[in-house]
Amino acid sequence: MTDQSTATEPSGPGGPPPARARFSPRKRQQISRAVQYVVLVVAAIAVVLFVDWASLAQNFAKPEVARETLPELFTIALKNTLIYSIGGFVFAFLIGLVLALMRLSSVRPYRWLSLAYIEVFRGLPALLIFLMILFLPLALPGFEVPGGLYGQGILGLTIVGSAYMAETLRAGLQAVPKGQMEAARSLGMSYSRAMITIIIPQAVRIVIPPTTNQFVSLLKDSSLVLFLGVSGEYVELTKFGNDLASTYANATPILVVGVTYLLVTIPLGYLAARLEKRQGKGR
Amino acid sequence: MTPVNHAVEIRDLHKHFGRLEVLKGIDFTVEPGQVVCVIGPSGSGKSTLLRCVNLLEQPTAGKVFVEGVELTHVDVDIDAARRRVGMVFQQFNLFPHMTVLENVTIAQRRVLKRGKTESERIARDNLDRVGLSEKADSYPAQLSGGQQQRVAIARALAMSPSLMLFDEPTSALDPELVGDVLTVMRKLAEEGMTMLVVTHEMAFARDVADRVVFMDGGVIVEDGPPDQVIGAPQHERTKSFLRRVLDPTHTDV
């Protein structure tokens with residue numbers, strides 16, 4: 001463009017020159033950092049001085065009580081937590097995928113149904129859903145959730161998870177570039193064949209990070225099965241810890257159970273990061 | 001009775017996007033073995049025309065025949081028809097989650113139901129044709145743009161199409177990579193493949209094409225041998241377009 005007639009309004013040279021500061025920016029930064037360290041040290045000293053460590057250890061980290069949680073902590077509680085949450089996750093994923101495909105369907109009633117399901121179950125507290133399942137036999141006489149208590153727990157987590165999974169997977173499906181479907185169709189693949197071989201595998205890779213978060217969230221929500229009245233061999237981590245804590249009138253089992261949750265969730269985060277990295281290579 | 005001697009026949013093709021009329025009545029044929037280059041300014045409808053040939057765009061009106069089969073017929077088996085038509089895209093559109101070899105075999109296996117051994121043999125033959133047999137186990141992201149585009153050509157060729165469509169195949173490439181892709185296309189033309197190419201590569205159109213079609217504003221303005229359309233254009237619109245393309249530094253603004 002050779003048009004030079006539109007000269008822009010000359011702007012001021014950046015306002016008046018700044019007044020001479022008392023400290024240079026570097027000096028100010030040093031002072032600020034020193035203050036932050038002092039605050040930290042003071043806080044640490046206060047915690048050390050004011051907490052009654054003996055009583056805390058007695059209540060939260062009593063080795064004798066911790067020992068009592070074994071081996072059931074792993075053989076029953078953790079096992080059940082994993083059964084509930086993995087079961088719930090698998091079904092939530094599958095149903096979420098169906099809902100996501102319905103949401104993108106060209107058949108309008110499918111879109112409505114999917115949207116209604118998502119809006120309803122995304123908006124309800126997980127606890128409320130578990131309570132509904134508890135009262136399901138009253139509402140539907142003769143109806144029984146297959147799989148007994150495991151089935152009920154997994155059903156609850158499926159309902160909680162699927163609405164979120166549906167939205168995540170829909171975003172993943174829509175994030176696959178349009179050219180992928182066009183390329184697949186131009187090779188003679190049908191719409192559903194292209195979805196299965198080309199689009200869904202890429203969408204699943206895209207949603208790995210949010211899906212990991214959802215699994216962690218289901219893992220934590222699995223604690224809600226205690227409202228189904230589980231006991232004995234069906235207890236999961238939280239219920240297990242709570243029961244033992246009552247028995248011994250000591251909070252150590254709660255701490256032990258907390259650590260056990262972290263034993264699962266933290267490696268999971270690393271695994272997801274690695275998966276994500278590996279998939280990234282193919283992009 | 002539809003004539004079966006044309007590779008592509010298009011009759012009075014119209015395409016609207018909402019209120020925008022992109023194609024305003026196109027009549028045009030491609031004979032078997034012909035290489036036809038479609039040139040024209042951006043927005044002239046040339047890509048849309050190409051995408052109507054395998055129905056990636058649904059025409060608003062008009063008829064499209066490929067080897068005598070009417071693709072615009074309501075009961076056509078479009079997936080079957082598309083197997084005969086290879087398409088190469090500007091953005092390559094390779095499947096990023098698959099290796100090069102899988103990219104070239106997947107449709108053979110899933111669509112043509114060829115066996116593993118046979119599809120891999122055909123894939124390797126076609127990768128060899130585009131000079132990339134040693135890249136079979138790479139992922140698309142590990143290849144240059146030019147290599148990706150050649151894989152895309154091999155992927156389309158592996159379906160044994162009778163017609164190849166190219167939608168600006170070199171427009172997304174760095175200038176030094178354009179030559180590799182054009183060489184592959186030239187070889188393909190010499191082997192007798194029927195090709196419909198939307199391109200801005202005037203040298204390619206002049207050397208390789210049997211016919212050049214100039215489009216502007218949704219209509220075909222000029223259609224003839226390259227010497228005529230590029231060498232001695234009759235219409236003012238063609239002349240002005242060619243001036244801009246062939247001598248961009250002396251364009252009047």
Side-chain angles (χ1 to χ4, degrees), chain A residues 1-6 93 97 100-101 104-107 168-169 171-212 272-283, chain B residues 47 50-51 53-58 77-100 102-113 138-143 148 151-152 154-161 163-167 172 252-253:
Chain A
M1 290 288 120
T2 52
D3 188 2
Q4 296 186 338
S5 63
T6 56
F93 186 90
L97 185 58
L101 291 172
L104 301 173
S105 162
S106 54
V107 183
T168 308
L169 281 165
L173 288 170
Q174 288 179 327
V176 176
K178 244 180 71 194
Q180 293 289 310
M181 178 55 94
E182 291 184 347
R185 295 305 302 271
S186 80
L187 290 165
M189 291 189 198
S190 65
Y191 176 83
S192 44
R193 168 51 67 197
M195 267 289 169
I196 293 166
T197 5
I198 307 300
I199 308 298
I200 292 176
Q202 293 185 55
V204 168
R205 283 166 171 78
I206 292 171
V207 301
I208 283 176
T211 304
T212 315
R274 276 194 52 187
L275 273 178
E276 201 182 333
K277 214 167 173 184
R278 214 190 65 193
Q279 312 295 8
K281 212 174 58 181
R283 300 242 109 216
Chain B
S47 280
L50 193 78
R51 291 161 59 85
V53 175
N54 68 353
L55 247 63
L56 281 182
E57 297 296 352
Q58 184 72 42
D77 180 353
I78 189 63
D79 297 328
R82 282 185 181 134
R83 278 170 221 159
R84 311 282 300 138
V85 182
M87 175 120 182
V88 175
F89 300 86
Q90 183 177 352
Q91 298 295 340
F92 330 137
N93 295 347
L94 291 181
F95 306 133
H97 59 305
M98 297 179 177
T99 64
V100 165
E102 287 165 343
N103 263 280
V104 185
T105 51
I106 183 75
Q108 296 187 62
R109 311 242 356 234
R110 297 280 184 270
V111 177
L112 301 180
K113 309 290 180 197
S138 307
Y139 279 89
Q142 297 164 324
L143 304 181
Q148 290 192 46
V151 171
R155 177 175 70 177
L157 289 177
M159 301 296 285
S160 325
L163 164 70
M164 286 284 284
L165 308 176
F166 292 85
D167 188 4
D252 307 320
V253 178

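Only heavy atoms go into these numbers, but all of them, side chains included; no hydrogens, no water, no symmetry mates. Every chain is numbered from 1, with letters handed out A, B, ... down the list of sequences.
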Heavy-atom donor-acceptor pair, B:R82 side chain to B:N54 backbone, under 3.5 Å: yes

Top of B:L165, B:L94, B:V85 for chain A proximity - count of heavy-atom pairs under 4.5 angstrom: B:L94

Expected output: side-chain A:T212 to main-chain A:I208 donor-acceptor under 3.5 Å: yes

Proximal component of B:V111, with respect to chain A [non-hydrogen, under 4.5 Å]: side chain

Region of A:A194 in contact with chain B, defined by heavy-atom distances below 4.5 Å: neither

Atom group of B:R155 that falls short of 4.5 Å from chain A, counting heavy atoms: both

Contact class of A:R185 relative to chain B, heavy atoms under 4.5 angstrom: both

Intermediate values then yes/no, side-chain contact (heavy atoms from CB on, under 4.5 Å), B:L56 and B:M87: CA-CA 10 Å; B:L56 281 182; B:M87 175 120 182; 4.2 Å; yes

Residue pair A:F93, A:L169: steps toward the side-chain contact (heavy atoms from CB on, under 4.5 Å) verdict: CA-CA 9 Å; A:F93 186 90; A:L169 281 165; 4.3 Å; yes

Minimum side-chain heavy-atom gap A:V176-A:I198 below 4.5 Å: no

